[in-house]
Peer 1: 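This is the structure, below, for whatever I ask next.
Source: prediction; values computed, not measured. No hydrogens, no waters, no symmetry mates; every other heavy atom, side chains included, goes into these values.
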Amino acid sequence: MIRFRFFAILTVLSISTPALSQEHLLSDRNGDGILEVAAFGDSITYGVGDSAFPAAGGYIVRAGVLAGIATTNFGLPGEEALVGGQYRIAQVLSSSSADIVVMMEGTNDAVHQASTRELKSGLQRMLNITHALGKQAVIMTLPPPCCDRGSLAPFTTSYSAAIRELASSNEVPLTDLEQVWSTTCVNKSECELYNLPEGLHPNSLGYDVIAQSLLGTLMGIDLLVPGGAAQLEAALGLEPGSIMVQPIMQEIP
């Protein structure tokens, strides 16, 4: 477990703007004076394949740096939601001061061809635990593997559909990474957001994209609609073109 704390004051957290059309989630829910976001998952959460942050880095560190918030990485390489995640999460979160918990599990379950029904039940238990501990949950769909790991894609696609259903039925915010990969990868068959030819773990560029996608969710900005990227850039004080996530439909000139 690696913890990173940043205490920069963001103007975006203290102003009201029409750009934040969805629910803004960044708040100190437990009243300890620190806004903290934790990431729970497997090796993708941990940051395997990330050359910029090779140890417990990945998307959550980037999100913390960009937004000036405290983050904790609870990623565990090799974990399956059904074998370890649904049991580990209670122990981890019961001693965590995180206000928000971001969950991304299922890729390793795909390796062992777990049924979608069983995975959905396991993720529901994890959501129940998170809510019972008074924390705001955010759930992520799974980037579709390619290349050497392309055989896993039918499973992750089925899992992602179930994750969308869970987000809807539980009224939990969703970061749709499967859709982000679809709109943002230039080469759809060999996505440049992955370490290739492995095609399972994101590279540093891919972790940037996940961090940006998560911040869009946390700040109530939909990056999959035209203009969403510009809104997030303005909110974070970034140069135009810094956000790489592409919308589902491009703006018509």
Side-chain angles (χ1 to χ4, degrees), residues 21-22 39 41-45 47-50 58-60 62-63 66 81 102-111 113 116 119-120 123 138-168 172-233 241-253:
S21 57
Q22 303 180 69
D42 53 31
S43 58
I44 297 177
T45 293
V48 169
D50 183 1
Y59 71 84
I60 195 63
R62 287 167 167 77
L66 285 172
V102 184
M103 293 170 39
M104 179 167 53
E105 291 263 24
T107 299
N108 290 317
D109 298 83
V111 173
Q113 301 184 7
T116 300
L119 182 80
K120 187 176 181 180
L123 293 176
V138 175
I139 196 166
M140 289 180 162
T141 60
L142 307 175
C146 75
C147 312
D148 288 355
R149 293 303 188 97
S151 63
L152 301 180
F155 294 94
T156 62
T157 296
S158 180
Y159 296 170
S160 288
I163 289 167
R164 292 187 189 95
E165 293 173 0
L166 284 172
S168 177
V172 170
L174 174 74
T175 300
D176 199 339
L177 294 180
E178 183 183 54
Q179 186 63 70
V180 166
W181 246 243
S182 175
T183 61
T184 307
C185 293
V186 175
N187 188 334
K188 305 303 181 186
S189 62
E190 297 183 359
C191 181
E192 66 283 355
L193 303 180
Y194 280 126
N195 283 284
L196 298 175
E198 183 225 34
L200 183 66
H201 294 98
N203 55 24
S204 292
L205 189 66
Y207 283 116
D208 286 342
V209 167
I210 297 176
Q212 293 168 7
S213 302
L214 173 60
L215 285 176
T217 301
L218 294 178
M219 300 178 74
I221 300 173
D222 189 350
L223 297 182
L224 292 172
V225 301
Q231 292 175 7
L232 186 58
E233 287 163 355
S242 299
I243 300 300
M244 294 174 287
V245 178
Q246 297 298 307
I248 294 175
M249 295 182 62
Q250 300 286 345
E251 292 179 283
I252 300 175

Peer 1: Hey, does R164 have a side-chain heavy atom less than 4.5 Å from the side chain of L174?
Peer 2: yes
Peer 1: Could you tell me if the side chain of E178 sits less than 4.5 Å from the side chain of I163, heavy atoms only?
Peer 2: no
Peer 1: Check for a donor-acceptor pair, side chain of S160 on one end and backbone N or O of T156 on the other, with a separation under 3.5 Å.
Peer 2: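 Yes, S160 side chain to T156 backbone: donor-acceptor pair under 3.5 Å.
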Peer 1: Taking the side chain from Q113 and the backbone from V111, do they hold a donor-acceptor pair closer than 3.5 Å?
Peer 2: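 Judged by distance alone, no pair lies under 3.5 Å.
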Peer 1: Side chains of S213 and T175 only: does a donor on one sit below 3.5 Å from an acceptor on the other?
Peer 2: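 No donor-acceptor contact under 3.5 Å links the two side chains.
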Peer 1: What heavy-atom pair brings L200 and E198 nearest, and what distance separates the two atoms?
Peer 2: N-OE1, 3.1 Å
Peer 1: With a 4.5 Å heavy-atom cut-off, do I210 and M140 have their side chains touching?
Peer 2: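 Answer yes - side chains close enough.
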Peer 1: What are the two closest heavy atoms between V209 and W181, and how far apart are they?
Peer 2: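 Shortest heavy-atom contact: CG1-CZ3, 4.2 Å.
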Peer 1: Is there side-chain contact between L177 and P143, with heavy atoms separated by less than 4.5 Å?
Peer 2: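 In contact.
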Peer 1: Can you find a pair of side-chain heavy atoms, one from T183 and one from L224, that are under 4.5 Å apart?
Peer 2: yes
Peer 1: Whether the side chain of Y59 engages the backbone of G206 through a donor-acceptor N/O pair (distance < 3.5 Å, no angle test) should be reported.
Peer 2: no
Peer 1: Are any of the side-chain heavy atoms of I44 and L142 separated by less than 4.5 Å?
Peer 2: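 No - every pair of side-chain heavy atoms lies 4.5 Å or more apart.
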Peer 1: Using atom types as modelled and distance alone, determine if a side-chain donor or acceptor of D148 lies under 3.5 Å from a backbone N or O of G199.
Peer 2: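 Checking the backbone N and O of G199 against the side chain of D148, no donor-acceptor pair under 3.5 Å is found.
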Peer 1: Please tell me whether C146 and C191 are bridged, where bridged means their SG atoms are separated by under 2.5 Å.
Peer 2: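 No, the SG atoms are not under 2.5 Å apart.
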Peer 1: Verify side-chain contact (heavy atoms from CB on, under 4.5 Å) between Q179 and T141, making sure each step is shown before the conclusion.
Peer 2: CA-CA 8 Å; Q179 186 63 70; T141 60; over 6 Å; no
Peer 1: Using every non-hydrogen atom in the two residues, find where L193 and C185 come nearest and quote the distance to one decimal.
Peer 2: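 Nearest heavy atoms, L193 then C185: CD1-SG, 3.9 Å.
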Peer 1: Answer whether the closest heavy-atom distance between the side chains of T116 and E165 falls below 4.5 Å.
Peer 2: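 Counting from C-beta outward, T116 and E165 never come under 4.5 Å.
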Peer 1: Identify the heavy atoms of V172 and V138 that sit nearest to each other, and give their distance.
Peer 2: CG1-CA, 4.0 Å
Peer 1: Using a 3.5 Å distance criterion without hydrogens, assess whether the side chain of E233 forms a donor-acceptor pair with backbone atoms of G241.
Peer 2: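 Between the backbone of G241 and the side chain of E233 there is a qualifying donor-acceptor contact (under 3.5 Å).
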Peer 1: Of V186, N203, T184, which is the lone residue that meets side-chain contact (heavy atoms from CB on, under 4.5 Å) with E192?
Peer 2: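 Exactly one candidate clears the test, V186.
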